[in-house]
Amino acid sequence: MGSDRDLHRDLYQAIRLVRPLHLNVHRFVEHLLVGGELTVSTRAVLEAIIELEPATTAELSRHLALRRQQVERTVGPLAEQGLIVATPDRTDRRLRRWTATDRGREVFTSVHQMEIATVIDMCRDVDPADIAVTARVLATIDERFRTAVYGFDDGLDGLDGRIDDRSAGR
């Protein structure tokens with residue numbers, strides 16, 4: 001087993017690659033969605049709704065690691081397009097549970113199939129075992145950071161404020 005210095009170097013390098021990877025994936029998906037019904041944000045929220053449904057805004061927020069307000073701004077256009085619908089929660093009428101409509105599922109499936117075909121073509125030469133290990137490692141690292149973020153007193157919104165304060169030099 002390597003030293004803590006080696007672990008730090010390798011872990012830091014892996015984490016440093018996440019940001020440009022995320023930005024490039026975002027730009028790639030944005031390009032694929034041009035002229036369609038979804039934006040990158042609405043696509044992500046629609047996928048999360050399909051995965052979790054029915055889901056409250058708070059559940060979607062936690063799942064996507066987004067502020068609740070960001071999710072609230074995104075579900076509106078999806079509902080207006082008829083891609084999702086809200087139903088009142090059975091136990092708490094103040095909460096809405098979001099589900100995808102048949103049309104929403106069709107739109108997402110069409111986009112997702114296009115993404116899959118394109119990504120498979122781009123990465124055909126990457127060993128599937130390496131991809132599987134990478135996915136497991138990134139999921140573990142994400143879970144450790146997610147646990148830390150939600151361990152702060154006021155969760156994700158509090159962390160965002162602290163990062164904003166720090167970056168502003170306050």
Side-chain angles (χ1 to χ4, degrees), residues 17-124 126 128 131-132 134-136 138-143 145-152 154-164:
L17 291 172
V18 171
R19 185 173 193 281
L21 173 63
H22 173 75
L23 291 171
N24 288 323
V25 168
H26 180 96
R27 291 175 185 132
F28 173 79
V29 172
E30 189 174 54
H31 175 76
L32 290 178
L33 296 174
V34 168
E37 298 179 69
L38 300 175
T39 65
V40 175
S41 298
T42 58
R43 182 234 172 271
V45 171
L46 180 58
E47 180 178 36
I49 289 169
I50 290 170
E51 287 177 7
L52 302 176
E53 71 183 353
T56 64
T57 301
E59 291 166 342
L60 293 167
S61 174
R62 279 190 300 277
H63 181 75
L64 293 166
L66 294 172
R67 290 182 179 164
R68 195 174 298 178
Q69 295 86 344
Q70 291 172 293
V71 174
E72 288 170 355
R73 282 192 302 266
T74 306
V75 294
L78 288 169
E80 289 170 12
Q81 291 175 274
L83 302 177
I84 62 172
V85 293
T87 55
D89 185 84
R90 291 181 190 158
T91 58
D92 185 346
R93 291 285 190 202
R94 295 171 296 172
L95 293 177
R96 293 180 294 179
R97 293 206 167 266
W98 297 101
T99 57
T101 62
D102 289 342
R103 186 165 166 277
R105 288 177 198 291
E106 290 169 12
V107 167
F108 176 76
T109 299
S110 174
V111 165
H112 192 57
Q113 286 174 344
M114 178 179 51
E115 292 168 349
I116 290 169
T118 306
V119 170
I120 286 174
D121 192 47
M122 286 172 32
C123 297
R124 193 170 301 283
V126 180
I131 293 171
T134 301
R136 284 194 306 273
L138 288 174
T140 299
I141 293 170
D142 177 57
E143 184 57 36
F145 278 96
R146 189 178 291 255
T147 299
V149 167
Y150 286 102
F152 295 130
D154 37 12
L156 185 62
D157 288 329
L159 177 66
D160 290 343
R162 280 177 246 188
I163 288 173
D164 294 343

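Worth knowing before you read on, the calculation uses all heavy atoms, side chains too, and leaves out hydrogens, waters and symmetry mates.
- The nearest pair of heavy atoms linking P54 to T99 is CB-CG2, 3.6 Å.
- Proximity of a side-chain donor or acceptor of R43 to a complementary backbone N or O of V29 within less than 3.5 Å is not detected.
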Decide side chain to side chain donor-acceptor pair (under 3.5 Å) for E51 and H63; before the verdict, give the C-alpha distance in whole Å, the side-chain angles of both, and the deciding distance to 0.1 Å.
CA-CA 10 Å; E51 287 177 7; H63 181 75; 2.8 Å; yes

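- Taking the six-membered ring where the residue is Trp, H22 and H26 present tilted rings, their angle falling between 30° and 60°.
- Side-chain atoms of S110 never come within 3.5 Å of backbone atoms of V107 as a donor-acceptor pair (strictly under, hydrogens ignored).
- Expressed to the nearest 0.5 Å, how far CZ of F28 lies from CE of M122 amounts to 5.0 Å.
- Panel note: side chain Q81, backbone E37; a donor-acceptor pair is recorded below 3.5 Å.
- Electrostatic pairing of R97 and E59 counts as a salt bridge here, judged by a charged N lying under 4.0 Å from a carboxylate O.
- T42 places no side-chain N or O within 3.5 Å of a backbone atom of L38 that could act as its donor or acceptor partner.
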The test is side-chain contact (heavy atoms from CB on, under 4.5 Å); show your working for I49 and L60 and say whether it passes.
CA-CA 7 Å; I49 289 169; L60 293 167; 3.7 Å; yes

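- Here the closest heavy-atom approach between residue G104 and residue L46 is recorded as O-CD2, 3.6 Å.
- The CZ atom of R27 sits 5.5 Å away from the CG atom of N24 when rounded to the nearest 0.5 Å.
- Between the side chain of Q70 and the backbone N or O of R67 there is at least one donor-acceptor pair closer than 3.5 Å.
- I131 and V126 make their closest contact through CG1-CG1, 3.6 Å (heavy atoms, listed as atom of the first residue, atom of the second, distance).
- Separating the OG1 atom in T74 from the CG atom in L66 is a distance of 7.5 Å, to the nearest 0.5 Å.
- Under a 3.5 Å cut-off, the side chain of T147 and the backbone N or O of E143 do form a donor-acceptor pair.
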Check against side-chain contact (heavy atoms from CB on, under 4.5 Å), V85 and W98
CA-CA 6 Å; V85 293; W98 297 101; 5.9 Å; no

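- Although no hydrogens or angles enter the test, the distance criterion places no donor-acceptor pair under 3.5 Å between the side chain of D121 and the main chain of A117.
- No donor-acceptor distance shorter than 3.5 angstrom exists from the side chain of S61 to the backbone of T57, with no hydrogens or angles considered.
- Separating the CD1 atom in I120 from the CD atom in E115 is a distance of 11.5 Å, to the nearest 0.5 Å.
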Do L83 and R103 pass the side-chain contact (heavy atoms from CB on, under 4.5 Å) test, and can you show the C-alpha distance, the side-chain angles, and the key distance before you say yes or no?
CA-CA 6 Å; L83 302 177; R103 186 165 166 277; 3.1 Å; yes

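- Taking CD of Q113 as the reference point, atom CZ of F108 lies at 10.0 Å (rounded to 0.5 Å).
- Taking CD1 of I84 as the start and OG1 of T101 as the end, the distance is 8.5 Å to the nearest 0.5 Å.
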